[in-house]
Protein chains: 2
Amino acid sequence: MKNIGREYENLDQKVYQVIKSMIENRQLLPGQKIPQEKLAAELGISRTPLISALKFLEHEKLIETKPRRGFYVRLFEIEEMISIFEIREVLEGLSARRAAQTITANQKKELQKLFKDFPVGRPIEDFQAYSKADRQFHNFIAEIGSKEFLTSILQTFNIIALAYQYPTREGLVRDPNDTIVDHHNIIEAICNHDPEGAEKLMRKHLELTIHELKTFNAQEKTGS
Amino acid sequence: MKNIGREYENLDQKVYQVIKSMIENRQLLPGQKIPQEKLAAELGISRTPLISALKFLEHEKLIETKPRRGFYVRLFEIEEMISIFEIREVLEGLSARRAAQTITANQKKELQKLFKDFPVGRPIEDFQAYSKADRQFHNFIAEIGSKEFLTSILQTFNIIALAYQYPTREGLVRDPNDTIVDHHNIIEAICNHDPEGAEKLMRKHLELTIHELKTFNAQEKTGS
DNA sequence: CTTTTGTATTTTGTATACAAAATTCATTAT
DNA sequence: ATAATGAATTTTGTATACAAAATACAAAAG
């Protein structure tokens, strides 16, 4: 008989996770060069699996390779961020639609719990906690209705959106006191098994972020 | 002064292209194991850049890694194909919309040339040529309106769609004599700078493919 | 004959080695 | 002082080496 259940994980997959979270919580900053030898030593491995992981991350656009110059943490221009949010708009619209079609009773409970500390009306103060809930919200919806495929694409975008921190609020573009309403509405549509509504609301939600980004970009260009 | 224009390309990037096209034109078949030593020898390189390229392709889901077992050309289930086409539907809808907004006079000419050998009404015979034009069509629209980001995602899906060849026609799901009408309509909408129409038509176009796939899948399950 | 066990062979994952390229930095020239 | 030059140092890209794991296959047991 064959031993199928074995869960072996290569070093590069572990390193991949480590670097990903280092980018996520800003231990590695956008634009920064990756010191291969140093980082490998720190992680207690050789350069081989590290490079392997970096190659993998290159494809997620979290890392950029400059041949003969090394690996760099990707730095996004605002135009690129707009383009990324446009992709998110249609993809997350899809995942909201699918979620509304397939959500189970247990998943409903979990989804409704996410923003329980942020009821509509009460002003939001803890931006960091809200930012975290926001991320969980988008990830969870992706997971409910989608095959592994879509989930992994969306997770990448999520990290990019996060990595591109805004000077003002903790990784958030729009004011939480505005977005909280969207979130509650989307959750309601999904829990009511309303695919069309869920898709429309999710797209609107992200469309407003895009609008905000475009405004910000226009301001930058004219000179703050 | 710094020498910026230098175009150096690592070996793994070249190998990446080679393997990609090997999968595209079926020299490597879905499900097949990649013989590392042998392939490296054939390409006249060591295993290092080969593995690097395979890692890269793993992320595009063209290659699957089974730890301690090696690399395999990815084999897609029909459910996964349906999921992929759902993603294509919304993403290509977006790229059609953007294309309609930004297309230039020269791009219009090029786009209109693509199906000049396949006028509406005349029955299509050369499926291979049509399949090629189809691919160019989708790639070109992606390139017109999108940043590098979306283009690279869509290209991946395109290859997957192709790699999953249908037993009947050359990588095509729907009958070319039906799809040719869609293609001409989408081109018209884009050239008339009609973003809403272009998006709607493109989504409809892919929605029909999804429907076809679902029907096919249902038949398979009941027993041919 | 089929299944199990044990051994030989191949393949994988990772470390290490090393030439070629890039970077640093002190030195000289402008 | 600034720019140019060129060794000394570091880093990169790739090959090679090798232990550990997987596979293939032959012999033994049921």
Side-chain angles (χ1 to χ4, degrees), chain A residues 1-20 22-23 27-59 61-75, chain B residues 1-20 22-23 27-59 61-75:
Chain A
M1 200 184 321
K2 208 162 264 181
N3 191 352
I4 305 176
R6 273 278 281 72
E7 270 310 331
Y8 176 85
E9 204 182 25
N10 291 347
L11 262 183
D12 46 27
Q13 281 304 308
K14 286 178 204 159
V15 177
Y16 162 78
Q17 291 296 347
V18 172
I19 298 176
K20 208 164 161 177
M22 283 175 90
I23 294 173
Q27 293 168 278
L28 290 171
L29 293 169
Q32 191 187 324
K33 180 170 178 174
I34 307 276
Q36 291 182 24
E37 202 77 56
K38 195 162 165 284
L39 188 54
E42 265 171 43
L43 299 170
I45 53 164
S46 80
R47 274 172 60 220
T48 310
L50 174 63
I51 290 170
S52 202
L54 290 169
K55 277 267 141 61
F56 212 82
L57 283 158
E58 186 190 350
H59 215 272
K61 314 280 181 195
L62 288 176
I63 292 288
E64 182 180 13
T65 309
K66 301 184 186 173
R68 277 278 166 213
R69 298 270 158 83
F71 295 95
Y72 293 79
V73 181
R74 188 80 140 78
L75 184 70
Chain B
M1 207 202 295
K2 209 162 260 181
N3 189 352
I4 304 176
R6 273 277 282 71
E7 270 310 331
Y8 175 85
E9 204 182 26
N10 291 346
L11 261 184
D12 46 28
Q13 282 302 311
K14 288 179 203 158
V15 177
Y16 162 77
Q17 290 296 346
V18 171
I19 298 177
K20 208 164 159 175
M22 282 176 91
I23 294 173
Q27 292 168 279
L28 291 171
L29 292 169
Q32 192 187 324
K33 180 171 179 173
I34 306 276
Q36 292 182 23
E37 202 76 56
K38 195 163 164 285
L39 188 54
E42 265 171 43
L43 299 171
I45 53 165
S46 82
R47 274 172 58 221
T48 309
L50 174 64
I51 291 170
S52 202
L54 290 169
K55 278 267 139 61
F56 213 81
L57 283 158
E58 186 190 349
H59 215 270
K61 314 281 182 195
L62 288 176
I63 291 288
E64 181 179 15
T65 309
K66 302 184 186 174
R68 276 275 165 217
R69 298 272 157 80
F71 295 95
Y72 294 78
V73 181
R74 188 81 139 77
L75 184 70

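Small disclaimer: the values here were computed from a predicted structure and weren't measured. Residue numbers start from 1 in every chain, and the chains themselves are labelled A, B, ... in the order their sequence lines are given, proteins ahead of strands.
Proximity note for A/N10 (side chain, C-beta onward) versus C/dT14, D/dA15, D/dT14: the nearest is C/dT14. Which of D/dA15, D/dT23, D/dG13 sits closest to the side chain of B/R69 comes down to D/dT23. Nearest nucleotide to the side chain of A/Q36, out of C/dT14, D/dT12, D/dT14: D/dT12. Minimum atom distance to the side chain of B/L11 is reached by D/dA15, of the listed C/dA15, C/dT12, D/dA15.
Between B/F56 and A/H59, the ring-plane angle classifies as perpendicular under the 30° and 60° cut-offs.
Here the P atom of nucleotide C/dT12 and the NZ atom of B/K66 are 12 Å apart, to the nearest Å. Computed from coordinates, the A/I63 CD1 to D/dT12 P distance equals 12 Å when rounded to whole Å. Per the geometry, CD belonging to A/E9 stands 10 Å off P belonging to C/dT14, to the nearest Å. Rounded to whole Å, the distance from CG on B/L54 to P on C/dG13 is 11 Å. Rounded to an integer number of Å, the gap from B/I45 CD1 to D/dA15 P is 7 Å. Between the CD1 atom of A/I51 and the P atom of C/dA15 there is a distance of 11 Å, rounded to whole Å. Regarding B/Q13, its CD atom lies at a distance of 11 Å from the P atom of D/dG13, rounded to whole Å. Atom P of nucleotide C/dT14 and atom CD of A/E37 are separated by 17 Å, given to the nearest angstrom.
In terms of phosphate contacts, B/R47 brings no side-chain nitrogen or oxygen within less than 4.0 Å of OP1 or OP2 of D/dA17. OP1 or OP2 of D/dA15 sits under 4.0 Å from a side-chain N or O of B/S46.
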| request: Take A/F71 and A/I51 through the side-chain contact (heavy atoms from CB on, under 4.5 Å) test and state the conclusion after the steps. | output: CA-CA 9 Å; A/F71 295 95; A/I51 290 170; 4.2 Å; yes
| request: Could you give me the CA-CA distance, side-chain angles and deciding distance for B/K14 and B/I19, then say whether side-chain contact (heavy atoms from CB on, under 4.5 Å) is met? | output: CA-CA 9 Å; B/K14 288 179 203 158; B/I19 298 177; over 6 Å; no
| request: Begin from the C-alpha positions of A/V18 and A/Q27 and carry the test side-chain contact (heavy atoms from CB on, under 4.5 Å) through to its verdict. | output: CA-CA 11 Å; A/V18 172; A/Q27 293 168 278; over 6 Å; no
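Side chains of B/E58 and B/E64 form no contact here, defined as non-hydrogen atoms less than 4.5 Å apart.
Using a 4.0 Å heavy-atom cutoff across all strands shown, B/P67 reaches sugar-phosphate atoms only and no base atom. A/K33 comes within contact range of the sugar-phosphate backbone alone, with a heavy-atom separation under 4.0 Å but no base atom that close.
Along DNA chain C, the nucleotide closest to A/Y72 and the one closest to A/D12 are compared, and the more 5′ of them pairs with A/D12.
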